[in-house]
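In what follows, a single structure is set out as structure tokens and then discussed.
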There are 2 protein chains.
Amino acid sequence: MADLRHVKALIYDVFGTCVDWRSGVARDVAAIAKAKGLTFDPIAFADAWRARYQPSMETVRSGQRPWTILDALHRESLVSLLPQFGLAGKLSENEIDDLNRAWHRLDPWPDTVPGLTRLKRKYIIAPHSNGNFALLLNMAKHAGIPWDCILGSETVKNYKPVPASYLEAVRLLGLKPENVMMVAAHNRDLRAAQALGLCTGFVPRPYEHGPNQTTDLAPDGAWDVVARDHEDLAAKMGT
Amino acid sequence: MADLRHVKALIYDVFGTCVDWRSGVARDVAAIAKAKGLTFDPIAFADAWRARYQPSMETVRSGQRPWTILDALHRESLVSLLPQFGLAGKLSENEIDDLNRAWHRLDPWPDTVPGLTRLKRKYIIAPHSNGNFALLLNMAKHAGIPWDCILGSETVKNYKPVPASYLEAVRLLGLKPENVMMVAAHNRDLRAAQALGLCTGFVPRPYEHGPNQTTDLAPDGAWDVVARDHEDLAAKMGT
């Protein structure tokens with residue numbers, strides 16, 4: 001196990017770990033469906049949109065396309081989904097842009113802001129998400145998350161779990177890997193960080209994908225801290 | 001004049017504008033001089049160090065050397081200054097590193113934190129300094145400056161007043177130039193920002209360089225807002 005007394009910064013996965021993307025996206029999808037007089041399941045829309053998330057980033061990770069920010073990938077995925085939900089040709093470019101910014105307006109889980117507020121007193125706290133800079137910044141302003149700075153994919157020009165993504169975040173902070181804890185609800189993220197020498201903190205989100213979620217229900221690695229939620233993590237980190 | 005109702009983010013020069021680099025650097029220089037049994041004027045040391053600031057960045061701006069962060073430039077300048085103050089060979093590498101981080105430990109002017117705390121309620125606030133990421137982040141933690149995110153030279157890989165420095169900061173924020181106000185105690189910084197369409201806010205610091213300062217005592221351009229200090233700027237921006 002890593003020596004947690006060396007930890008100076010906690011960097012966080014965001015979608016799922018800190019905010020509830022599924023309910024938030026579905027809320028904004030439901031609003032536009034209603035405005036257009038359409039009836040479809042907005043949760044199914046949110047799940048379909050999120051299902052294109054990893055494949056869209058993989059085109060960048062693999063070098064198949066040049067660096068592209070998540071807002072642009074999200075928008076392409078959104079446009080490709082419109083026909084199957086009866087929205088083809090029904091949204092203006094401005095309406096598509098606005099719906100795409102649903103990802104900037106996600107709400108935090110109830111424990112996120114209280115836990116991070118406590119941790120901020122002792123540690124540097126920053127999002128290290130695959131979101132782009134403005135997405136993470138606007139989300140923080142909307143949700144009241146008191147980050148010290150914004151890291152994330154656009155700052156490091158790589159998508160997790162590419163190793164350079166974590167190492168560049170550590171370098172920007174002026175720290176060494178053992179001084180930084182990656183916090184996530186996703187075992188894969190922690191596995192990549194741990195392999196590079198970062199500390200790891202697991203915060204489960206068993207309802208991120210709804211009541212029938214089958215993945216990431218429990219830690220599956222030797223993570224340095226396993227906490228119930230962000231308030232429990234704050235307590236376990238001495239704040 | 002720009003329409004200030006469009007402003008969504010204020011980005012700040014830091015050295016001089018938000019923090020008192022001269023007293024802060026002199027304080028840390030005085031401590032090491034005392035520890036080494038040397039007597040010299042620590043303010044003269046701080047001024048000599050700062051005098052190498054623009055020339056060191058100019059080697060990067062001109063393309064003479066590749067991208068180099070300010071911590072590295074500061075350290076080179078520091079090492080080159082040691083002989084003239086009787087410190088040649090008297091500091092270990094760790095002591096040099098620690099003294100170099102005096103720039104991470106600068107104190108805010110008395111109006112900085114109260115003013116920025118008010119502005120943060122309505123606007124995105126961020127440092128856009130020539131400091132590197134860790135320098136600006138550590139300074140914020142030390143000084144209690146409640147930035148929403150860290151911009152600055154390392155994030156945009158350019159030193160002000162290169163135009164790309166301002167434009168890349170605006171792009172990262174997901175905004176247009178007219179949505180962003182550059183705030184500085186230095187007319188040159190505002191002139192460069194205004195030429196690119198950013199709004200401008202001047203906050204004078206007539207004692208940045210001590211009691212005999214001759215530069216930047218007053219605004220010398222048609223800046224959108226001229227404020228006495230950061231609290232006055234907060235009031236003038238409706239917060």
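Labels below follow one simple rule: chain letters A, B, ... track the order of the sequence lines, proteins then strands, and each chain is numbered from 1. What you see below is based on every heavy atom in this structure, not just the backbone, and it leaves out hydrogens, waters and symmetry mates.
- When side chains are defined from C-beta on, A:Lys141 does not count as touching B:Lys8, because their heavy atoms never get closer than 4.5 Å.
- By number of non-hydrogen pairs under 4.5 angstrom with chain B, the leading residue of A:Cys149, A:Pro146, A:Ala126, A:Gly174 is A:Cys149.
- There is no contact between A:Leu135 and chain B, counting heavy-atom distances below 4.5 Å.
- Residue with the most contacts toward chain A among B:Ile69, B:Asn138, B:Ile124: B:Ile124 (heavy-atom pairs, distance under 4.5 Å).
- Contact record, B:Ile150 with A:Asp148: CG1-O, 4.0 Å, taken as the closest heavy-atom pair.
- Contact annotation for B:Leu137: only side-chain heavy atoms (C-beta onward) come within less than 4.5 Å of a heavy atom of chain A.
- Contact of A:Asn132 with chain B is not made at all, since no heavy-atom distance falls under 4.5 Å.
- Interface remark: B:Asp71 contributes no atoms to any contact with chain A (heavy atom separation under 4.5 Å).
- Atom NZ of B:Lys157 has more than 12 heavy atoms from other residues, nucleotides or ligands within 6.0 Å.
- Annotation: side chain of B:Thr155 is not in contact with side chain of A:Leu172 (no heavy-atom distance under 4.5 Å).
- In this structure, no portion of B:Leu175 lies under 4.5 Å from any heavy atom of chain A.
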